[in-house]
Every structure is written in structure tokens, then in C-alpha cells.
Amino acid sequence: MARLQVNGVDMAYSVAGNGPPLVLLHAGIADRTMWEDVMPMLAGRFRVIACDLRGFGETPLPDGPFVYAADVAAMLDELGIERAHVIGVSMGGHVALDLALARPDLVDRLVLVGAGIDGWDHEATLREAWAEEEAAFERGDLDEVAWMNVRTWLDGPGRDENTVPAALRRRVYEMQRGALDLENPAATGGWLTPSRRERLGDVAAPTLVLVGALDQRDFRRIARFLAAEIPGARFEELPGVAHLPPLERPEAFARTVLGFLDGGA
């Protein structure tokens, strides 16, 4: 693990391999360690950088306004990287998309995995799950908040807690639980404006949109929407996984993204 001073925050990151730069942006219920099983498979062809975004893993969330994508851009600048492939999962997909829109010069190829989009009218079941999560957070039951997120995102809507390996569920729980301890209401912003949904046609990077076949139905629909709206984007649904494919099927995930990053259509 290494650290960089980026826009006033001490950002933790890991790096492996040599070759063209490849940035990995973690999900909002994880941190950079979600990539540990995938990085060795990518590092044979790329210089792979996985960072902890503000408020996750070993990167703090100090007071004041910030933009995740601006932190990633500053990280690339500090590392002397002029252009990189970028893979983002879930919240990391939001960050990757913001980066591609704000700094197209920095993004070579773009991979969005289980990414959401602003302004989406989510189904009642998902809104109810978020309301229950918020209620648990308000009463201070952070352990339950973390397990709720495991059930919603790792298990997904069609599997129970006995289907996904217990060790993997615990791993995601611990990443999310750590992020909950770093929550800071005095840190504001995070995202670019205006709406990224209105600017999808401006994405210039060749883009692969991935989604797990067992993910929440809204996110499977969003993935198809993103692929339809981003010029020339390719869509692929990954079998047997929900919202976090790099954690559930790292080898299959690595094969898929390598084919794309190596110049596949």
C-alpha cells in the first residue's frame, strides 16, 4: 500500500504490474481490496492502480467539498499518468463516468460494471430496502446497515444468505462496516454537475457496460440504458453473479475485461 496527497486528502492506493495504466475504482460497499483477486490477472499486461476513494478503506473523509473524479484525476497527475483505462464498479462506475465526461483526455477505454445513473425511477422493493437501511443507520445499528448491504448487493434479489460463500459475505461486510465508521456529514459533494444522464452521448472513450445476471433488476435495466446511450458502447451480462462480479467470479471477470482492453470490439 502506498499513499499520495491528493486535493488535501491522504489517498491510499495499491499498484502492480507494468504496461499501459489501468485504474480500478471500487464499489460503494467495498474498498480497493475488492480487487485483490483480480489485480494479479490484470498486472501481466497493465500497470494496475487500485485506490481507496475518500471515506473508504484507508483513505479518510475530511470536512469540506470534494469531487471523487477530481481526486482520481489528481492521483493520475501525481503518478505521472497522462491516459489510462478505467474500470468502475457500482459507485466506482459513477466516478469513472464522471471522469470520462470531465476529463476525456485521461480516459482511454472505459468499463462500467453494475453502474447506476442519476434520475432513475427505482422499483419499490429497492426503495424500501434503502429506507430500511436509512432507518437502521439513524438508530445507530451500523452492523445491521452493513449486513443489509451484503444482502441487497452481494446476495442480490434471487439468492439467500446460504447461497453465497460465508467468507465472501464476511469480506464484503467488513469493507462496508469500515466505510460506515468513516462517514462524515461535513464532507459534501462527491459528484459532478450537471446530470451525467443528460451527457451520456458525450462519452468519447470506447466503453464496455457489464452487469451481473443476478443483480437487482433496476441495475440490469440501467446497464442496457447506458449501453444504448453511450456511443458505440458494448453490453454484456455476466452469468451467475450479482452486483460485484470481480469478487464473485474474478477469473471470468478478468477474461472479459482483458478481451475488451486489449482492443476487442
Can you tell me if [X] uses its side chain to pair, donor with acceptor, with the backbone of [Y] under 3.5 Å?
| X | Y | value |
| --- | --- | --- |
| Gln216 | Thr152 | yes |
| Asp98 | Leu192 | yes |
| Arg249 | Leu244 | no |

Closer than 4.0 angstrom, basic N to acidic O: yes or no for [X] and [Y]?
| X | Y | value |
| --- | --- | --- |
| Arg151 | Asp160 | no |
| Arg32 | Glu58 | yes |
| Arg127 | Glu123 | no |
| Arg234 | Glu236 | yes |

With respect to Asp215, which candidate in Arg220, Arg221, His243 satisfies the side chain to side chain donor-acceptor pair (under 3.5 Å) definition?
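Of the listed residues Arg220, Arg221, His243, the side chain to side chain donor-acceptor pair (under 3.5 Å) partner of Asp215 is His243.
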Counting neighbours of [atom1] on [X] that are heavy atoms of other residues, nucleotides or ligands and sit closer than 6.0 Å, is the number greater than 12?
| X | atom1 | answer |
| --- | --- | --- |
| Asn18 | CG | no |
| Glu82 | CD | no |
| Arg217 | CZ | no |

Establish, yes or no, whether a centroid distance under 6.0 Å links the rings of His26 and Trp35.
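Judged by ring-centre distance (under 6.0 Å), His26 and Trp35 do not meet the cut-off.
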Can you check whether Trp120 and Phe219 have ring centres sitting under 6.0 Å from each other?
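No - the distance between ring centres of Trp120 and Phe219 does not fall below the 6.0 Å cut-off.
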Return the [atom1] to [atom2] distance between [X] and [Y], rounded to the nearest 0.5 Å.
| X | Y | atom1 | atom2 | value |
| --- | --- | --- | --- | --- |
| Asp52 | Leu61 | CG | CG | 12.5 Å |
| Asp218 | Ile117 | CG | CD1 | 13.0 Å |
| Thr207 | Ile230 | OG1 | CD1 | 5.0 Å |
| Met11 | Leu53 | CE | CG | 6.0 Å |
| Leu168 | Asp37 | CG | CG | 9.0 Å |

Decide whether a cation-pi geometry holds between Arg54 and Tyr68; the criteria are a distance under 6.0 Å from NZ or CZ to the six-membered ring centre and an angle within 45° of the ring axis.
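Judged by the rule (NZ or CZ under 6.0 Å from the ring centre, within 45° of its axis), Arg54 is not positioned above Tyr68.
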I want to check a possible cation-pi pair here: Arg197 against Phe225, using under 6.0 Å from ring centre and within 45° of the ring axis as the test.
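Yes, a cation-pi geometry.
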For residues Asp143 and Tyr173, is any side-chain donor paired with an opposing acceptor at under 3.5 Å?
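Their side chains do contain a donor-acceptor pair, which is all the 3.5 Å distance test asks for.
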